[in-house]
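Before any comments, here is the structure.
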Amino acid sequence: MASCLCGSAPCLLCGCCPSSNNSTITRLVFSFFLLMGTFVSVIMILPGMETQLRKIPGFCKGGTSIPGIENQVDCNVIVGYKSVYRMCFAMTCFFFLFCVIMIRVRSSKDPRAAIQNGFWFFKFLILVGITVGAFFIPDGTFHDVWFYFGLVGSFIFIIIQLILLIDFAHSWNKAWVENAENGNKCWFAGLLSFTVLHYALAIAAVVLFYIYYTMPDNCTEHKVFISLNLIFCVIVSIVSILPKIQATQPYSGLLQASIISLYTMYVTWSAMTNNPNRKCNPSLLSLVSNVNTTQPSGGSPTGQVQWWDAQGIVGLIIFLFCTLYASIRSSSNTQVNKLMQTEEGGGSGGEGVVGEDGIRRAVDNEEESVTYNYSFFHFHLCLASLYIMMTLTNWYKPETNTQVMQSTMPAVWVKMSSSWLGLGLYLWTLIAPLIFPDRDFS
């Protein structure tokens, strides 16, 4: 165990590990670090933790006090957010550190590749050390400033998520079409079923959005958001099956467009749930129980925070899927590989190598060149840490006095603009081979 954790070459995760490649195991372990930090953040934001933190002397209002020091913090609202902000700050710093260290690593012969692929115990100690230090950061304007870092990082990560979903849909469509062309037409029926399902869910979402998130004389922004994204989804769906597009990209089809359309509707919903106007932003609980959640006529904020909502849970599920997929993906999509800084996959590798110490270690499949960009992978995890911070805190913005959390329109515009940019990026992958026929987009 010590040899595996402290050495420069990773051992296999288990005897029946599905892939024994160095590159895959390394990405999985780093992703595990991210998921472990996410799990800790979820625990820290649970209401039960507030009771325990109230026992810290001189910290929470109504908690244990220190003579001469007045407790100032409203732990009913802010303690969970402070914990999540600091935990995700530590993960962001950790991955950004490795992002800088791993710049321009070309093969496993580079001495820095040994740091990337091994010494996990020391990496864990570094992450723990940064996390402990993050909890000693003075309050001041830390939360307010880090909120805007979270906005920018989450904007980029949403686009990366969309790229991964495009790649997943492309690989899915290609595999099933090839199976159908080999003689089994049931695969075509499967593709048709999932495509219809995705479009049905997207259309149902649009109808529900118009019913519950718009009003005849109010919510103009929501009407524009829903209508624009509906139009854009129709456009990309039509473009994806045009004869000229099919001629240059035979595996382009409605399956990819349906997944992108459904994801776009999710992002639209997520954006509308951050609108501070409660008349246009009913909570899911109020929709189910028919409870009125509109603000008083004065419009003053109440400071009430909804910790877990449906869009946040869906966001976490999509995040977990994309993180795992980014760790094990082996794509043949040249365009996506260029965007994600990865090479075309070449299989799962060998059975592992038994070293002189008797430990079964992973196969080094990067002696000639790396299969993914180390620095970009860590940058991706860095952005993922910021996205998790914003998702767990429902994209709320802490006030200057750090006692009230508020929904903000900047969060709405960040999500909507990321959906538009993502749709534009997908449209570009469709039409680029037509605009530049001399380039290889296969």
Side-chain angles (χ1 to χ4, degrees), residues 155-178 180-181 188 191-192 194-199 201-203 205-206 224-268 271 318 322 325-326 329-345 373 376 380 413-442:
F155 169 80
I156 302 173
F157 184 77
I158 290 175
I159 297 173
I160 292 178
Q161 276 193 148
L162 185 58
I163 294 173
L164 291 172
L165 287 175
I166 292 173
D167 181 49
F168 171 74
H170 173 85
S171 301
W172 180 8
N173 185 74
K174 181 179 179 180
W176 282 27
V177 168
E178 289 178 346
E181 290 175 346
F188 277 133
L191 281 176
L192 179 62
F194 278 104
T195 301
V196 172
L197 174 63
H198 295 153
Y199 275 122
L201 291 175
I203 293 172
V206 171
V224 173
F225 294 158
I226 300 169
S227 300
L228 280 179
N229 277 356
L230 175 61
I231 294 172
F232 293 155
C233 288
V234 171
I235 292 175
V236 297
S237 298
I238 294 175
V239 171
S240 67
I241 56 175
L242 291 177
K244 290 186 177 180
I245 299 296
Q246 291 288 311
T248 57
Q249 299 188 68
Y251 292 108
S252 171
L254 289 177
L255 178 64
Q256 296 96 313
S258 67
I259 292 178
I260 300 308
S261 299
L262 185 58
Y263 181 74
T264 299
M265 292 306 153
Y266 158 72
V267 176
T268 305
I318 296 175
C322 290
Y325 182 68
R329 65 184 294 272
S330 179
S331 176
S332 60
N333 189 326
T334 305
Q335 296 182 70
V336 176
N337 284 337
K338 289 180 179 178
L339 290 171
M340 295 299 297
Q341 297 291 297
T342 54
E343 300 293 337
E344 183 171 341
N373 187 302
F376 184 84
H380 163 238
W413 287 107
V414 164
K415 293 182 179 181
M416 291 308 304
S417 57
S418 65
S419 71
W420 297 331
L421 186 57
L423 284 169
L425 189 60
Y426 174 61
L427 183 63
W428 172 254
T429 63
L430 294 175
I431 65 175
L434 293 177
I435 300 176
F436 302 102
D438 297 333
R439 295 188 182 182
D440 181 18
F441 291 95
S442 58

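Note that this is a predicted model, so its numbers are computed, not measured.
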TODO: Could you tell me which non-hydrogen atom of Ser261 sits nearest to which non-hydrogen atom of Tyr199, and how far apart they are?
DONE: OG-CE2, 4.0 Å

TODO: Carefully, step by step, assess Asn229 and Phe232 under the rule side chain to side chain contact (heavy atoms under 4.5 Å, CB included).
DONE: CA-CA 5 Å; Asn229 277 356; Phe232 293 155; 3.9 Å; yes

Task: From Gln161 atom CD to Ile156 atom CD1, the distance as rounded to the nearest 0.5 Å - done: 13.0 Å

TODO: Supply the atom-to-atom distance Ser419 OG to Ile159 CD1, rounded to the nearest 0.5 angstrom.
DONE: 9.5 Å

Task: Ile231 CD1 to Leu423 CG distance, which is reported to the nearest 0.5 Å - done: 12.0 Å

Open item on the list: If you apply the rule side chain to side chain contact (heavy atoms under 4.5 Å, CB included), what do you find for Trp420 with Phe225, and how did you get there?
Closed with: CA-CA 10 Å; Trp420 297 331; Phe225 294 158; 4.1 Å; yes

TODO: Flag the pair Met265 / Val206 as yes when at least one side-chain heavy-atom distance between them is below 4.5 Å, and no otherwise.
DONE: yes

- [ ] May I ask you to test the Leu425-Leu162 pair for a side-chain heavy-atom distance under 4.5 Å?
- [x] no

Open item on the list: Can you list everything that forms a ring pair (Phe, Tyr, Trp, His ring centres under 6.0 Å) with Tyr426? Sequence neighbours excluded, please.
Closed with: none

Task: Heavy-atom closest contact (Ala202 atom, Leu262 atom, distance) - done: N-CD1, 3.8 Å

- [ ] Say whether, by atom type as modelled, one donor and one acceptor occur between the side chain of Ser227 and the main chain of Val224 under 3.5 angstrom.
- [x] no

Open item on the list: Using 0.5 Å steps for rounding, measure from the OG1 atom of Thr429 to the CG atom of Asp167.
Closed with: 11.0 Å

TODO: To the nearest 0.5 Å, tell me how far Leu228 CG sits from Thr264 OG1.
DONE: 12.0 Å

Open item on the list: As an exercise, state the distance from CG of Leu421 to CD1 of Ile158, rounded to the nearest 0.5 Å.
Closed with: 11.0 Å

TODO: Quick one: closest heavy-atom pair of Val414 and Phe155, and the distance?
DONE: O-CD1, 3.5 Å

TODO: Check side chain to side chain contact (heavy atoms under 4.5 Å, CB included) between Trp172 and all other residues, then give those that pass, not counting sequence neighbours.
DONE: Phe168, Trp176, Phe194, His198, Leu255, Ile259

Task: Name of the residue among Ile260, Leu427, Leu430 meeting side chain to side chain contact (heavy atoms under 4.5 Å, CB included) with Ser240 - done: Leu430

